[in-house]
K.L.:
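Sharing a structure, written as structure tokens. Questions coming.
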2 protein chains.
Amino acid sequence: MKPADISHTACSYTHVLEIISNKWTALVIYSLENGTIRYGEIKRRIDGISQKMLTQTLKQLERDGLVSRKVTPSVPPIVDYTLTPLGETLIPCMKMLKGWAAEHYPSVQKARESYLLAEADAAVRQLKS
Amino acid sequence: MKPADISHTACSYTHVLEIISNKWTALVIYSLENGTIRYGEIKRRIDGISQKMLTQTLKQLERDGLVSRKVTPSVPPIVDYTLTPLGETLIPCMKMLKGWAAEHYPSVQKARESYLLAEADAAVRQLKS
DNA sequence: CGGGATCCGCTGGGATACTG
DNA sequence: CAGTATCCCAGCGGATCCCG
């Protein structure tokens, strides 16, 4: 195996990102963390999500075998969503990501501010010359 | 705190995804895992990345304080990239994601196939009726 | 060598309205 | 209630050419 190409190892990252990288997936999984809930309940828990995106995200998660969907035909209809055992295996990963963000995101924000300052400073110096 | 809104806890996910969710960031970090390398070397290691995206990704990582950039003015110029200590804290997370993908991605693929089969089956039954 | 600048297609995702 | 359907736009990301 050639060390010049990390694609083989890297595709694992691509795969997992393919699943959780879109805007709402992680939040939906997180909202299902504590057990079965209904469509409307998920929507209420996730601030700002549109019906379209929620439906689309859930459908994708169902297709990937991470979430199961149970329809109770009644009027009005009831649709429950639950993490599958496979879906539950993602929870530790998500906790780790959450932990990282909680611990290190402030540093990232500080870095961004410094970067903007340095950038502005450079621009000023440019103008003076 | 109201259980109806997970936004507060959830924003941690949003933050970390904001950093690593785009197409190439994870791969770039991974290519820097073993120490300082040059721009061209990164590009060679990541199959399929364009200069634009590599430059853009590196700039964003530098802005976020995860990667440091060192320019050696010479002809031709040399530009080295290194993970900062902050950037290195991401490695364990990435390893965990990689581990998850290695272990569970096959299941996801199987789920996708079953889903497609069931979908096609339903379509057929629809036509028969 | 390590980028910057520009053009452009694709699609992620929001808003709104309608259905069973 | 739990979606589906449609319109629409911003921006991601690829391709290409140029520069110091």
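So that the names make sense, note that chain A is the first sequence line, chain B the second, and so on, each numbered from 1.
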K.L.:
Assess whether side-chain contact (heavy atoms from CB on, under 4.5 Å) is satisfied between B:E103 and A:T89, documenting all intermediate values.
P.N.:
CA-CA 10 Å; B:E103 190 173 353; A:T89 63; over 6 Å; no

K.L.:
How close or far is atom P of D:dA2 from atom CE of A:M53, stated in whole angstroms?
P.N.:
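For the pair A:M53 CE and D:dA2 P, the rounded distance is 18 Å.
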
K.L.:
For A:R63 versus B:Y115, what's the shortest heavy-atom pair and its separation?
P.N.:
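Minimum heavy-atom separation between A:R63 and B:Y115: CG-CD2, 3.4 Å.
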
K.L.:
If each of A:K23 and A:P77 is mapped to the nucleotide of DNA chain C with the nearest heavy atom, which maps nearer the 5' terminus, i.e. the 5' end?
P.N.:
A:K23

K.L.:
State whether A:R69 places a side-chain N or O below 4.0 Å from either non-bridging phosphate oxygen (OP1 or OP2) of D:dG3.
P.N.:
yes

K.L.:
Chain B on DNA chain C: first and last contacting nucleotide, 5' to 3', under 4.0 Å to a heavy atom?
P.N.:
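So the contact region on DNA chain C extends C:dC1 to C:dC7.
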
K.L.:
Take the protein atom CG of A:L58 and the nucleotide atom C1' of D:dC1, then report the distance between them rounded to whole Å.
P.N.:
14 Å

K.L.:
State whether A:R69 and A:D80 are salt-bridged, where the test is any N-O pair (Lys NZ or Arg NE/NH1/NH2 against Asp/Glu carboxylate O) under 4.0 Å.
P.N.:
no

K.L.:
If you define the side chain from C-beta out and look only at heavy atoms, does anything of B:I19 sit under 4.5 Å from A:Y105?
P.N.:
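When only atoms from C-beta onward are counted, A:Y105 and B:I19 do touch, with a gap below 4.5 Å.
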
K.L.:
For a side-chain contact (heavy atoms from CB on, under 4.5 Å) with B:L61, tell me which candidate from B:L90, B:I29, B:L32 qualifies.
P.N.:
B:I29

K.L.:
Which angle, rounded to 10°, do you find between the first-five-pair axis and the last-five-pair axis of the helix from C:dC1-D:dG20 to C:dG20-D:dC1?
P.N.:
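One end's axis against the other's: 40°.
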
K.L.:
How many whole angstroms separate atom CG of B:D47 from atom C1' of D:dG13?
P.N.:
16 Å

K.L.:
Among A:T84, A:V28, A:L86, A:L83, which residue satisfies the side-chain contact (heavy atoms from CB on, under 4.5 Å) criterion with A:V67?
P.N.:
A:L83

K.L.:
Nearest-Å distance, CD1 (B:I49) to C1' (D:dG14)?
P.N.:
12 Å

K.L.:
Do the side chains of A:E62 and A:K59 get close enough for a salt bridge, i.e. N-O under 4.0 angstrom?
P.N.:
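No, no charged N to carboxylate O under 4.0 Å.
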
K.L.:
Check this for me: does any side-chain nitrogen of one of B:E33 and B:K98 sit under 4.0 Å from a carboxylate oxygen of the other?
P.N.:
no

K.L.:
Let me know, please, whether A:S21 or B:I78 comes out on the 5' side of the other along DNA chain C by nearest nucleotide.
P.N.:
B:I78

K.L.:
What string of B, S and - do you get for nucleotides 4-11 of chain D, 5' to 3', if B is base contact, S is sugar-phosphate-only contact and - is no contact with any protein heavy atom under 4.0 Å?
P.N.:
S--B----

K.L.:
Any salt bridge linking A:E113 with A:K110? Criterion: basic side-chain nitrogen under 4.0 Å from a carboxylate oxygen.
P.N.:
no

K.L.:
Should the ring pair B:Y39 and B:Y81 be called parallel, tilted or perpendicular, given that the plane angle runs from 0 to 90° and is split at 30 and 60?
P.N.:
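Ring orientation, 0 to 90° scale: tilted.
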
K.L.:
Answer yes or no: is there a side-chain heavy-atom contact under 4.5 Å between A:N22 and A:Q60?
P.N.:
yes

